[in-house]
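This report concerns only the one structure given below.
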Amino acid sequence: MKKLITTLTNIWKIEDLRNRIITTLLLLLIYRIGCHVVLPGVNPDALVARSSEGNSILDLINMFAGGSFSRSAIFALGVMPYISASIVVQLLGIAVPAFQKMQKEGESGRKKMTQITRYLTLAITLVQAVAYVKTQVPAEAKTLAEPMFTILSAIVLTAGTLFVMWLGEKITDKGIGNGISLIIMAGIIAQLPAGIVAEWGSRMSPSGGGPIPLLLEFVALFFVVIFAILVVQGIRKVPVQYAKKIVGNKQVGGVRQYIPLKVNAAGVMPIIFAQAIMFLPMALSQFFPDLQSDFLASLSNYTSVAYNITFAVLIIAFTFFYTAIMVNPQQMSEDMKKNGGFIPGIKPGYDTNIFIDNVISRITFPGAIFIAIIAVMPALAAKLGVNNQFAHFYGGTSLLILVGVVLDTLQQIESHLLMRHYDGLMKTGRVKGRSTATVEGIDQSAL
């Protein structure tokens, strides 16, 4: 306890760090207030009755939006259009030569890609806003006539998403941590109290089982979080030896370093891709009622066996796909050769490329299995009797984002402390944030 008080005191003493933390908290507070501001022309009372119906997949979307999705708030779409646009631009940077050229132009190229991402975000948001108004706002909740309601709501939802995107950029520039990632995390954490209250009420009911099952659930959640931290932080160190050079009277090089290859190099992106595909059966059943079948119905229920098997297979496939995109063994071997580095016992060039590729393949498979296990944990928890609101915190994208963002933010705070000769956040060792892109993937380390 004394160590904690000392650490908090040291954080408060550093003016720059103190101002950054306060700025971050204030901007997150603005975001949370906006999540409760209902769209103009919507009757909130009609939405309260509807929200109790519950849809497992829509509940998941609602959690990432901080509850504003079910409230028809001005921030109902959250930052998901921006995430989608960032993923598209990143994939274009791999497949399209013009985007590859921009990536190699340094700061000017990065600004161009950022501008393209913003314009694409605007287009995606407009489409999603109209779809949201048409499918998620019931007719009885609308107090304005069509088409004025749809036009007005689409404009407000688009402006809300752009404002949230601006908040995220301001947090990154003026605050601490990655803004977009922290906004997503704030939305997820905001749903935790409601989930705990719902689970408490469920367990304290006459047929709920009492406090013992509730205690066991929290113990299980603790171990799931530990497991997620191990997956997020797991790395394989590949040793690299640099050749010695004599420059004047000094010896340069000769040091031994290592390449940290992450077990989970793809981050949460495989789960996001897989979830996007798993939304298709629900969309097909809504727009084409004639196609409804037991199989489509099972794929629309996140607790069904068919859904989870398909979900796990997609996650494993996308993990290999995204890792192959994000990690380039050939580029790594070429850079190593240019800098006079080599892996002991491996010839530079082609052999190094093959060696790194084999290592990545071997560590990616268990990493993909672990991510798939974490992704299906909420469904397993729901099957074991955990309330749906609380079961989402047992795994999936939400847990990986929470773990990754918290570790990354703590690492930045510790860097500020160590830079000013204070002790770190831990008595022994260092807080290790994520060194590769992941929420947050894309151009943020969030996802």
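- L399 is listed as a side-chain neighbour of V225, based on a closest heavy-atom distance under 4.5 Å.
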*Could you check T125 against L157 for side chain to side chain contact (heavy atoms under 4.5 Å, CB included), going step by step and ending with a plain yes or no?*
CA-CA 8 Å; T125 307; L157 286 171; 5.5 Å; no
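- For the pair E414/L410, no side-chain contact is recorded, criterion being any heavy-atom separation below 4.5 Å from C-beta on.
- A 4.5 Å side-chain heavy-atom check between L214 and E199 finds at least one atom pair inside the cut-off.
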*asked:* Please evaluate residues K174 and L27 with respect to the criterion side chain to side chain contact (heavy atoms under 4.5 Å, CB included), reporting the C-alpha separation (whole Å), side-chain torsions for both, the decisive distance (0.1 Å), and the verdict.
replied: CA-CA 10 Å; K174 306 293 185 181; L27 292 176; 5.7 Å; no
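- Closest approach of Y394 to V386, counting heavy atoms only: CE1-CG1, 4.1 Å.
- Using cut-offs of 30° and 60° on the angle between ring planes, the pair W166 and F163 is parallel.
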*Check step by step if side chain to side chain contact (heavy atoms under 4.5 Å, CB included) holds for I413 and L17.*
CA-CA 8 Å; I413 293 175; L17 181 58; 4.2 Å; yes
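- In this structure, a donor-acceptor pair under 3.5 Å is present between the side chains of S72 and Y132.
- Residue-environment remark: CD (E15) stays at or below the threshold of 12 foreign heavy atoms within 6.0 Å.
- Smallest separation of non-hydrogen atoms from V263 and G367: CG1-CA, 3.6 Å.
- Contact annotation: the side chain of M332 approaches that of L261 to within less than 4.5 Å [non-hydrogen atoms, C-beta and beyond].
- Contact check for T409 versus M185: no side-chain heavy atoms found under the 4.5 Å cut-off.
- Surrounding CZ of F218 are more than 12 heavy atoms belonging to other residues, nucleotides or ligands, all under 6.0 Å away.
- Contact of the M113 side chain with the R110 side chain is not registered, since no non-hydrogen atoms from C-beta on lie closer than 4.5 Å.
- Here the two rings, on F318 and Y322, have centers that are 6.0 Å apart or farther.
- The closest side-chain heavy-atom distance from W12 to I21 is not below 4.5 Å.
- I316 is listed as a side-chain neighbour of I369, based on a closest heavy-atom distance under 4.5 Å.
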